Amino acid sequence: MKKLNRRNFIAASAKTGIALGAAGFLSNQLFAAAPPLAPYTSFDQTPLPYAYNALEPVIDAMTMEIHYSKHAAAYAKNVKEAAQAENADTSKPLEDVLAKISKYSVKMRNNAGGHYNHELFWKTFKANGEGKPSGKLLAAIEKDFNSFDTFKTQFSDAGKNRFGSGWAWLVVGDDKKLKTGSTPNQDNPLMDIADVKGFPLLGLDVWEHAYYLHYQNRRPEYIENWWKVVNWDFVQKRFESL
Ligand code: MN
């Protein structure tokens with residue numbers, strides 16, 4: 001099958017008249033990098049800051065395309081539907097809804113979480129990751145986990161051991177300490193009902209849709225390879241912005 005990158009996907013879509021859904025998707029912002037540190041998350045899906053094939057071979061172009069343009073796009077669409085039905089103000093940060101998600105429907109919980117998690121997820125990738133953080137974030141990881149390798153093992157285990165669908169997280173707790181954990185489905189650490197609470201610095205999607213085309217049942221291999229494309233520069237800036 002012909003590999004689709006962002007540019008030839010757009011060209012193919014235009015030829016066949018496929019509607020792309022997201023307003024502005026074809027605008028001149030298409031190749032512009034998303035703001036590295038948008039302080040809050042909006043209800044709209046932002047453009048991917050790289051082509052669908054940018055992360056190959058770790059994450060294949062088809063997985064990226066389906067993940068971004070189908071799965072994540074659906075969360076963005078559905079969270080707006082839920083917001084309209086439940087009178088949530090979409091001009092306000094999505095984080096406001098997450099903080100009191102227990103007051104909303106299951107549809108809101110699944111899609112507000114799904115939208116937030118993926119908006120963060122795309123930004124934490126780059127083609128050639130640094131492999132590990134540096135500066136203040138590395139110092140904090142070494143303080144709270146003893147070593148970067150210990151952190152990596154704990155985080156990887158959180159993803160490997162999540163039964164069914166969910167996410168692994170690195171968060172900053174209220175006590176300012178870093179911790180790892182995992183949440184089921186599309187829950188996340190900003191939710192009032194979360195299993196692990198805090199400000200998410202880094203999240204790893206371990207739903208099968210994130211890896212199955214390339215890795216099939218080999219979730220541990222997906223996780224192991226994923227470390228190569230972590231955008232530690234972004235994660236560090238996110239940490240330092242707190
Ligand atoms: Mn996903």
Side-chain angles (χ1 to χ4, degrees), residues 4 6 9 20-22 25 34 41-56 58-82 94 97-98 101 106-126 129 155-156 158-171 180-191 194-196 200-231 234-235:
L4 288 177
R6 190 187 259 299
F9 171 67
L20 285 167
F25 195 68
T41 307
S42 89
F43 285 70
D44 295 312
Q45 189 178 34
T46 53
L48 266 188
Y50 39 73
Y52 289 133
N53 66 356
L55 306 172
E56 291 197 336
V58 174
I59 300 176
D60 63 284
M62 185 59 78
T63 295
M64 280 300 294
E65 182 189 331
I66 296 170
H67 201 174
Y68 175 83
S69 72
K70 306 291 186 198
H71 293 279
Y75 298 126
K77 174 176 172 281
N78 291 335
V79 71
K80 280 191 261 195
E81 274 181 23
L94 181 63
V97 169
L98 297 174
I101 201 72
V106 172
K107 176 173 178 172
M108 183 73 97
R109 177 174 170 174
N110 288 338
N111 290 287
H115 177 55
Y116 179 92
N117 295 348
H118 289 84
E119 285 290 302
L120 172 61
F121 191 51
W122 313 129
K123 296 188 182 90
T124 61
F125 287 141
K126 63 160 68 159
F155 185 101
S156 295
K160 290 175 193 170
N161 297 331
R162 162 54 53 193
F163 185 77
S165 298
W167 290 73
W169 298 103
L170 169 65
V171 305
T180 61
S182 88
T183 53
N185 304 314
Q186 295 293 355
D187 286 358
N188 74 42
L190 293 174
M191 291 180 171
D195 295 345
V196 52
L201 293 178
L202 180 63
L204 172 59
D205 189 344
V206 296
W207 282 59
E208 284 185 346
H209 69 224
Y211 63 86
Y212 204 85
L213 288 180
H214 185 69
Y215 294 96
Q216 291 85 48
N217 61 318
R218 304 187 305 278
R219 188 192 288 185
E221 189 183 325
Y222 156 67
I223 294 174
E224 219 40 58
N225 285 338
W226 168 79
W227 291 107
K228 296 174 194 162
V229 292
V230 174
N231 184 344
F234 171 81
V235 181

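Note that this is a predicted model, so its numbers are computed, not measured. All ligand and atom numbering here is 1-based and tracks the order in the structure.
Looking only at N/O/S atoms, H118 comes nearest to the Mn ion (ligand 1) through NE2. Sorting the N, O or S atoms of D205 by how far they are from the Mn ion (ligand 1) puts OD2 first.
Using a 4.5 Å heavy-atom threshold, the side chains of F125 and F234 count as separate. In this structure, the side chains of E119 and L94 stay at 4.5 Å or more apart for every pair of heavy atoms.
Expressed to the nearest 10°, the angle at the Mn ion (ligand 1) joining NE2 in H209 with NE2 in H67 is 100°.
In summary, K107 and E81 engage in a salt bridge, as defined by a charged side-chain N under 4.0 Å from a carboxylate O.
Inclusion of H71 in the first shell of the Mn ion (ligand 1) is not supported: no N, O or S atom falls under 2.8 Å.
For the ring pair (Phe, Tyr, Trp, His ring centres under 6.0 Å) test with H67, the passing option among W207, Y52, Y75, W122 is W122; the others fail.
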